[in-house]
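Working notes, structure below.
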Number of protein chains: 2
Amino acid sequence: MAIEPNPEAVILTEIMLAVFRVNGRLLEKGDQLVEPLNLTSARWQVLGAVALAEKPLSAPQIAEAMGITRQGAQKQLNKLEEDGFFEQSLNPRHQRSPLYALTELGNCTFAKVMTLEAIWANGLVAGLSLQDLRKTLQTLNSIYERLDFPVPRKGGRS
Amino acid sequence: MAIEPNPEAVILTEIMLAVFRVNGRLLEKGDQLVEPLNLTSARWQVLGAVALAEKPLSAPQIAEAMGITRQGAQKQLNKLEEDGFFEQSLNPRHQRSPLYALTELGNCTFAKVMTLEAIWANGLVAGLSLQDLRKTLQTLNSIYERLDFPVPRKGGRS
DNA sequence: TAAACATTGACAACTGGTTTTCAATGGTGG
DNA sequence: CCACCATTGAAAACCAGTTGTCAATGTTTA
C-alpha cells in the first residue's frame, strides 16, 4: 500500500527542502547586499539581464531572459525607468514596444553590484572545495533537467 | 580596481543561479502534483508542518516551523480551515490563540500527498548516484549555514 | 490586399509572502 | 492588585510574481 521511496529519493527530498531554505536566504541576503544602491534582488536581476545582453532589449525579451512573464518584467521596468536606471529608445521593429537600455546610472550601479557580489561570494566560499562545488552545480543542473518532465498524474497516459 | 572573484566564488555564483531555477521549477511541479487534491505547494507545506509535529499547533508555532511570519501562516490557516483541512481546538495556554489540528480530510489528504511525492521522487532520481546526492545535500547545507553571516556592508564593522 | 493570427502594453485580480499597526490576552514585577 | 511588557489575531499596505482580458500593433497567409 504505502509507496517506499528508495534511498536516493529520500536524499533528493532533503535536497528539495534545502533548496527552498537556501533560496529564501539568498533572496534575503541579496536584498541586503544591494539595498544601499536603491535596488532589490528582483531589480538587480533585471539590470543583469540587460547588462549581460550588452544591447537594449524589449520588455518581452527581458522577461524571456529572466524566465518570468512579460507582465512581471514590465512592472519592474516601469519602476526602474522611473528611478533612472533605464531609458527607452524606439524599437524599429515594433512601434509600441520600446527597447530598454541602461542609463549611466544603471551601468554604474550594476558595476557596483558586481563588485559587491564578488566580495560577498569570495567571503562565502572560504573553506569549500572547488570539486564539491562543481559536483553540486552539476547535480543541481541535472535535477533541473529532470524536472522538465511532467509530474505523474493519476491516469496520466498522455 | 575590479575585484577578482576566485574560482570557487564563480562556481558558487552559478550554484546560486541554479538554486533559483530549481526552486522555481520545484514550486511549479509541486503545485501540479497536489493540484488534484485542492492543494498548492504553500498549503502542502502547512499540512506538513502540523503532520510532522504530530500534535495540534498554534499559528505562531506553525509559522516558526515553516520559517515564515506568523501573519503569513495565519493567512494559509484561515483558508485551510475554510476548506476543511484543519479544525481549531481551544488552546489552554491562550484563549485567543487556538490550536490547529488536521481533520480526517487533512490527514487523509496529506497521506495521499506523501504517496504522490514518493512516486514522483522515485521517478526523478533514476540514474543519479546516491553519493553525488549526499554530497550535494551536504554542500547546500554548508552554504546555508554560511549564509547566516551578515552581508558585508560598506564600513560595516558592527 | 485583406483577413486571420500573434505580439505587445496596460490594467485588474489573484497567490504567497512581507511589514506595520491596533486591540485583546497573557505573564511578570513591584 | 496592577502596571508594564510580550504575544497574538486581524486588517491594511506593500513586494514580486502569476493569469486573464482588452485594444493596438505586427506578421502571415490565402
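Residue numbers begin at 1 in each chain, while the letters A, B, ... track the order of the sequences. Just so we're clear, the structure is a prediction, and the values are computed from it rather than from any experiment.
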* Asked: Going by number, which of residues 74-97 of chain B have a non-hydrogen atom under 4.0 Å from DNA chain C?
  -> B:Lys75, B:Gln76, B:Lys79, B:Arg93, B:His94, B:Gln95, B:Arg96

* To do: May I ask you to list the residues of residues 16-48 of chain A, by number, that have any heavy atom positioned under 4.0 Å from an atom of DNA chain C?
  => none

* Asked: Can you list every pair that meets salt bridge (charged side-chain N to carboxylate O under 4.0 Å, His left out) and has a residue in residues 53-74 of chain B, with sequence neighbours left out?
  -> none

* Applying salt bridge (charged side-chain N to carboxylate O under 4.0 Å, His left out), which residue pairs with at least one partner in residues 72-85 of chain A are found, sequence neighbours left out? -> A:Arg43-A:Asp83

* To do: Could you list the residues that satisfy side-chain contact (heavy atoms from CB on, under 4.5 Å) with A:Ala18, not counting sequence neighbours?
  => A:Arg21, B:Leu137, B:Leu140, B:Asn141

* Structure fact -> Taken in chain and number order and not counting sequence neighbours, the residues that satisfy side-chain contact (heavy atoms from CB on, under 4.5 Å) with A:Ser58 are A:Pro60, A:Gln61, A:Asn91, A:Ser97, A:Leu99

Output all residues satisfying salt bridge (Lys or Arg N to Asp or Glu O under 4.0 Å) with [X], sequence neighbours left out; order by chain, then residue number.
X: B:Glu35; result: A:Arg153
X: B:Asp31; result: none
X: B:Lys29; result: none

* Report yes or no: does A:Thr13 contribute a side-chain atom to a donor-acceptor pair with the main-chain N or O of A:Ala9 at less than 3.5 Å? => yes

* Where along residues 65-72 of chain B does a heavy atom fall under 4.0 Å from DNA chain D? -> B:Arg70, B:Gln71

* If you walk 5' to 3' along DNA chain C, what is the first nucleotide with an atom under 4.0 Å of a heavy atom in chain B, and what is the last? -> C:dG16 to C:dG26

* Structure fact -> Axis-to-axis angle for the helix from C:dT1-D:dA30 to C:dG30-D:dC1, ends of five pairs each, to 10°, equals 10°

